Structure formats: structure tokens, C-alpha cells
Amino acid sequence: MPRLFRAGRRAALLLSACATPAAAQPQSSAASVTLSELSVVGAAATDAPSGETRGSLSVPSVDRQRAALAGTVGSVAFVDAATLQDRYANTLRDVLKDVPGVYVQERYGQELRLSVRGSGIARAFHLRGIELLQDGIPLNLADGSGDFYQVDPLALRSVEVYKGGNALTFGATTLGGAVNVVTPTAYTALAPNILRVDGGSFGTIREQAQMSRIDGPLDVLVNATLTNSDGFRAHEAQATKNFNVNIGYRIAPDIETRFFLGTYLTDQKLPGTLTLGQSLTTPTLANPAAISGNQSRKVETERIANRTSFLLDVGKLDVDTWAIHKSLYHPIFQAIDQDGWTYGISPHWAGTFDLGGFRDDVVLGLRAFAGQNSALQFVNVRGQRGAQTLNSLQSASSVEAYGENRFWFLPDVALMTGAKAFSSNRTFSDKGGLPGNPRPRFADVTYEGLNPKVGLLWQPRPDIQVFGDVVRSRDVPDFSDLVQQNLLSTTFVPLRAQRAWTYEAGARGRFGPLAFDVTLYRSDLRDELINFATNPGLNIPAATFNTPRSVHQGVEAAVTLDLVRDLAGTGDGVSLTQIWTHNDFRFVGDPVFGNNRIAGIPSDVLRTVLSYRHPSGFHVAPSLDWVPQGAFADHANTLRVPGYALLGVEAGIDFADGVALFVDARNLTNARYVSDIAVVANAAATAGGAGALAAFYPGSGRSVFGGIRAAF
């Protein structure tokens, strides 16, 4: 109770401070400042129209989503999912590959490494340091962990990327920020009916159907996607079934409620990691331990969420509630069997005032969420449960209050201030009573803090913005960090929360034929949560420790140049896009690793796309993905993987009747490369030498996918 009282008192003080402008009168139209709808630079975002009609009170139109994002004081990105309709998009990698500063690599199936500014840099599984949301409502579990299996690229209408502390508008202040995937409503859907079939290499076949209707105050949209694939590697077959339902009802002209329902079923075989030599010579192999243990990941997730929106005399109030049930059966080094619930509530208010003749935008919010997870483990007997080795319960809860204020003290300059106060608890109960684990154990830790933010936004022209900001972030450990495992035992390690001050400056917009989005940043970290795999070949979850000091800094840049217009006919055009993400992540005076580079992510990732689009609907876009120098595989910096270059091409045609055909050819030269790494502490210390280290995920070879889509 004392902890909750202190958190509540701090939240009340924060809300009071952030809401000071509320004493002013509502803004008059004369004081209004209109921000232009800036579009984030990227190959996918330069030409395609939004196909936008209108939004509703609870989910605004795509154009309004884009405009709201452009008002953020900091680095953000926007992807209109209309640009994904005429190409093959199977994972979040396909959705986010054109966003600068986002490092996303495929491991196998839908399992990815997603990192923004080095978030969860060395973790070789799932997600840490980024809040994943759907329609602004968290998908992460109560302890902050998350994965990607609930995100269906064919069930999206847009994607918003808020890097670092710029996700404060959702109450997220982790190092990586937040990725908000927005699903379509019957108002924002690209068509009332959509049917799609695509597939290709590795025995891949996928079917999608979407239908939406509006009937007076009621709107309904249903989407289903079924995917089956044998995978590039042996023992990589996957089957997924994703169902999303979106139901809205306008209770009154100024009140709307909307339900988001989803069921997500994933059955994924795991191919495991290989040695570096195997990855570059025989990449289709599976790790022998993955086959003998029949390693897999079976996930059943059900989600229900609601947003009820109230249009007030001043501003709008959204009240979000959600509940997520997740069942996981995951035979790896042991058979992990988990079942749990996450539930939460979050009121969020945004409004605009006239403060002494100046515009003032205010955002205030609260979030409270909790969850329990029954975490059992058994000896893995060829994928089946053997003798039980762990009987535990994981409980997590958080209370958060946040606020953000943008004060336009000049017509084109805004001062942004904000803060988030939080209290997060992690409780672990090992019930014992098992032959190898007879005694019960209990651990409880609470993390509290205040994360402030300040920044400036200058809009010298309607289509150009310059910004700079300073923000503090905290990453609270999740149970994969706190409950560490090896072949012999399970141990609760009371890690400290990761803290960082991040400084960023950038500019975005368009000047004539040139569109740009460039940000420079530096994060000074204390107690960074660093992972290393104790035995990546067996898929044992990584050990985690706090390094005293580290630094993450880099460049996030995307530039698009319209090279020529009216080339082969009126209205066609050729554009060239260059995306560059520079990563400089280092230990600072670490007792073991000194000033070494933190392993896992390469220093430079470049993507070049040459796009041609004709008004008739024909489009073609060859691309080059280039990593000049590969990442280190270990924090001791004794082993680095080779760099690589991948050639690809996308092409298609959109017919006037709503039918579209497309083809997507990848890795045309069949290059052998390492896509991701299960980082270790010191590769040279591996038994048998670095050549025996099985810590690498080979990238997929040459592949071709194609499909047909009908929208009517």
C-alpha cells in the first residue's frame, strides 16, 4: 500500500503540473495553427495514394493519423498500409523495412529481431524495449515482454513508429519507443470486400478475406488470414491463423464505442542456430538439437479490447480497456508450458486551449495494467512433456501517469514539455515440491521512477519541420530477464531498471523534388540490460546482466529524390530512395568488456530503392539491401560475421476494376549471409573454438512470391 500511495501521489502531482493550461479558455479559431500532413520518407510512402475516405470518432481517418503524427516533437515514422497491398508483406520486416532507424531482421517464420536505437540489442528472441500496440492499445504482456505473432500485415491500415521517448503520447518511455499498428474500420477500409491469394517459394501459400459494412450507427469489419509454409530451412514449417473483428457503434453524435476482437493461432517449428561455416555453406540445415527435441512454438492468443470515445466541449476523452489470454507450449531445451492473462485500463484526454493568445496542446493519460502467468517446465522428450522441473507463477502490475504539453509561443515554434511517473511490480513464486526443485522460493521487486521530456519544434515552411528534444527513459526488466535458466536450475536475478538520457535533433519534410527525414541521436545509458546466450545451440534463454555504463548513438536517414516525371507518359515518374541507419553501440568502461562494441547489430544498414510507377497502375521497384560490415557475434569482439548485399525487385499492375497482380523476387543472387545472431559473451572461449559456436541464423536464399488481389 505505501508503494501504491507514493505512486498515486506522484501521478496526481504530474497530472496537476501538466494540466496547468486547462485553466485557460478554449482556443478560438483565430489562434489556430495548422500543421501540414507531412509524409515520412520511404520507398513505400512516396507515390501511393491513401485511398482515404473518412474516419470515425474512435479511429480517425488515415490522413488525420498522419497529420497528428507530424505534430510530434521528435523522430517518428508513418507507413500507409495501402502501399502494402500490391506487394508481398508477410512479417513486420516487410512492413517496416523502409523506415530509417528501425532494425528488423527475420530469424525464421514470423520470429524477428526488432530493435530501435539498440533496444534489446543482444536478445535473440522475441521483443524487449519497444512497446507494441494495436490501435493504440498495448499488445505487450503485463511485464513488458512481447512478440510479433498477433500482427497480421494484411490486417493493417497504417503503422506509426514513435522512436524512443517520442512514444510518450501513449505513455511509453522505453529506449526503443513504440510501434502502433492500426487496423482498418469499415470507415477506413480500402474497399468493402477484399480477397487475396499469394504464395511462392518454400511451399508458401496464404489466403486472406476481408469484409466491412456500415449500417446507420453500426460499423463492422472482419478479416481472416491463413498462412502455411515449409520454410527455407529444414524443420521450419509454420501454420498461422489470424482473425480480427472491428465493431463500432455511435451511441450519440459525441459518443462512440468500438470493440477490437482477435484470435491468433501459431504453430511454428524451430530450426535452431547453426555455426558460421554452416550458415554460409549449408544454410538450409536445422540444428540437430532442434530436430531431436522437436523444438517448436505453439501459441494461442485471444484478445478483446474496447475504446469508448467522448467528444467534449474541450478536447476528446478515450477510455481504453483490454484483456489478453495467451497460451504457450514451447519445447526447446525444456518444454515450456505457460498460460496467462493480461488486462488493463487507460483513460486518455487530448485538447487545445488559447493561453494568452497562444495555442496550447495538452495530452493527459493514466494506465493501469496487470497480469498473471502460470509458468511450468518439463523435461523435453522429443517435443512432449516429461518429468516436471518447474512450477511457478509470474505476476506483474504497473500504474502510470503521463502528460505532454505543446505551447506554440510563436506561430511556427512550439515548446514541448512532458513527463511520465510509474510504479511497476514483478513477483515470482516458485512453488517447489519437485524432485529437482523441492523448496519453494519467492521474489518481489518494485521499480519506480519519473521520466521527463523537453523539446522544440520549428516549422519554417508548411512542409518542413526541424526538431530537437531531450528525454529520459527507463526499461523495466521482464520475466525473461529476471528468471534466468540453465540446464540445472532456475534463478530469480533482481536486476536494476535500465536508465537513459537521449538527445536527438532532426528535420523532415519536402523541398521541391527532394523529400527527407534525418535524425541524429545519442543515448547515455546506466545499467543497460545486456544479454548473452549461455548455449544458443540448445535454445536456452539468454542470461541478462546490468552493465554500469554504455552509449548508443547513430544516424537515422531517408532521402527520396524524384528523378524524372512524364518519362513514358503523362503522370508517370521515377524516384530514388536511400535509407541509412548508422548504429554505434558501445560499452563504456565495463569491468569485463571495456569499451567494446555491443554485439548483435551491424554498424551500418543501407537500403536503396529505384521506383517507377505509371498512372495505368504498372509499377516496378528494384532494390539493394547492403550491410557493408557484419555485426559482432560476441561482446568480447573476437568474431564478426561477414557483410552482405541482397538484390531484389517488386513489380505489379493495379487494374481499374480493383484487381491487382504482383510479384516479389528476393535475394536474386542467392547470397549466403547471416540474418541474425544469438549473441554470446566470448566466442573464442567456445569449446572447440569459435568455429564450433552454433549461434547464427542464416538468411533465406533466392525466393519468388506472387499473388492476386481483388478489392470491390
Side-chain angles (χ1 to χ4, degrees), residues 79 81 84 87-97 99 102-115 120 123-128 130 132-134 139-141 145-156 159 179 181 183 196 198-208 223-244 262-273 286 290 295-303 324 326-332 336 480 539 664 666 675-676 678 697-701 703 705 707:
V79 177
L84 306 176
R87 56 178 171 139
Y88 184 71
N90 184 50
T91 68
L92 267 179
R93 154 106 183 131
D94 301 316
V95 176
L96 298 176
K97 62 185 178 181
V99 177
V102 175
Y103 181 76
V104 54
Q105 288 290 98
E106 296 174 349
R107 296 186 179 114
Y108 51 82
Q110 289 183 311
E111 181 65 24
L112 307 167
R113 175 192 291 279
L114 175 61
S115 178
R123 175 175 278 190
F125 56 94
H126 311 324
L127 181 70
R128 191 186 63 207
I130 297 176
L132 192 60
L133 308 111
Q134 184 167 309
L139 290 177
N140 295 56
L141 301 182
S145 62
D147 56 35
F148 316 97
Y149 297 95
Q150 292 173 238
V151 179
D152 178 4
L154 297 186
L156 304 182
V159 181
V179 176
V181 297
T183 59
R196 175 182 177 128
D198 54 33
S201 297
F202 321 133
T204 301
I205 184 71
R206 180 173 59 171
E207 304 97 7
Q208 182 221 4
N223 187 93
T225 304
L226 309 179
T227 304
N228 288 275
S229 177
D230 296 330
F232 170 65
R233 299 173 59 193
H235 207 259
E236 194 188 333
Q238 69 163 330
T240 63
K241 300 176 182 178
N242 296 325
F243 302 93
N244 285 283
T263 299
Y264 315 94
L265 309 175
T266 297
D267 188 350
Q268 171 76 62
K269 296 292 186 181
L270 308 186
T273 50
Q295 295 185 3
S296 66
R297 179 175 170 83
K298 298 179 181 178
V299 187
E300 297 182 5
T301 305
E302 297 87 30
R303 175 179 182 265
I324 301 172
K326 179 178 178 181
S327 177
L328 167 68
Y329 183 67
H330 192 21
I332 43 176
I336 296 173
S480 293
N539 265 332
D664 184 347
R666 305 180 178 190
S675 177
D676 197 27
Y697 294 97
S700 296
S703 59
F705 303 93

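If you're wondering where the values come from, they're calculated on a predicted model, not measured in any experiment.
Here the rule is side-chain hydrogen bond (donor to acceptor under 3.5 Å, both in side chains) with Tyr264, and of Thr240, Thr225, Asn244 only Asn244 fits it.
The side-chain heavy atoms of Val151 and Val95, taken from C-beta on, include no pair separated by under 4.5 Å. Here the side chains of Val99 and Val159 are not in contact, with every heavy-atom distance at 4.5 Å or above. Using a 4.5 Å heavy-atom threshold, the side chains of Ser296 and Lys269 count as touching. Between Asp198 and Tyr88 there is a side-chain heavy-atom pair separated by less than 4.5 Å. At least one side-chain heavy atom of Glu111 sits less than 4.5 Å from a side-chain heavy atom of His126. Under the 4.5 Å side-chain criterion, counting only non-hydrogen atoms from C-beta, Gln105 is not in contact with Arg107. The closest side-chain heavy-atom distance from Arg297 to Thr266 is not below 4.5 Å.
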- request: For side-chain hydrogen bond (donor to acceptor under 3.5 Å, both in side chains), just list the numbers for Ser700 and Glu106, CA-CA rounded to whole Å, side-chain angles, deciding distance to a tenth of an Å, and then say yes or no.
  value: CA-CA 9 Å; Ser700 296; Glu106 296 174 349; 5.0 Å; no
field: Audit row: His330, Leu270, side-chain contact (heavy atoms from CB on, under 4.5 Å) steps and yes/no
entry: CA-CA 10 Å; His330 192 21; Leu270 308 186; 3.5 Å; yes
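Contact between Gln268 and Gln238 at its shortest, heavy atoms only, is OE1-CB, 3.3 Å. Looking at every heavy atom in both residues, Ala155 comes nearest to Thr183 through O-CG2, 3.3 Å. Nearest heavy atom pair, residue Ser703 against residue Ser201, reads CA-OG, 3.3 Å. Contact between Glu300 and Leu265 at its shortest, heavy atoms only, is CG-CD2, 3.7 Å. A pairwise comparison of heavy atoms in Leu154 and Asn223 identifies O-OD1, 3.7 Å as the closest pair. Heavy-atom minimum distance, Asp147 versus Leu127: N-CB, 4.5 Å.
Relative orientation of the Tyr108 and Tyr697 rings is tilted, given thresholds of 30° and 60° on the angle between their planes. Aromatic ring pairs are classed by plane angle as parallel below 30°, tilted from 30° to 60° and perpendicular above 60°; the pair Phe202 and Phe232 is perpendicular.
In this structure, CD1 in Ile332 is found 5.5 Å from CG in Asn539, a value given to the nearest 0.5 Å. Here CG of Leu139 is found 5.0 Å from CZ of Arg303. Values are rounded to the nearest 0.5 Å. Atom OG1 of Thr301 sits about 8.0 Å away from atom CG of Leu141, to the nearest 0.5 Å. One distance of note links CG of Leu226 with CD of Gln208; it measures 10.0 Å at 0.5 Å rounding. The line from OG1 of Thr91 to CG of Leu96 is 9.0 Å long, rounded to the nearest 0.5 Å.
Annotation: ring pair (Phe, Tyr, Trp, His ring centres under 6.0 Å) contacts of Phe243 (sequence neighbours excluded): none. Among residues two or more places apart in sequence or in another chain, the ring pair (Phe, Tyr, Trp, His ring centres under 6.0 Å) test is passed with Tyr149 by none. Applying the salt bridge (Lys or Arg N to Asp or Glu O under 4.0 Å) test to Asp94 and every residue at least two apart in sequence or in another chain returns Arg666. Residues satisfying the ring pair (Phe, Tyr, Trp, His ring centres under 6.0 Å) test with Phe148, not counting sequence neighbours, are none. Taking the ring pair (Phe, Tyr, Trp, His ring centres under 6.0 Å) definition, one finds that Tyr103 meets it with nothing, sequence neighbours left out.
Ion pairing between a basic and an acidic side chain is recognised when a charged N comes within 4.0 Å of a carboxylate O; Asp664 and Arg87 show no such pairing.
Between the side chain of Asp267 and the main chain of Lys298, no donor-acceptor pair closer than 3.5 Å is present.
Applying the salt bridge (Lys or Arg N to Asp or Glu O under 4.0 Å) test to residues at least two apart or on different chains, none of the pairs has a partner in residues 223-241.
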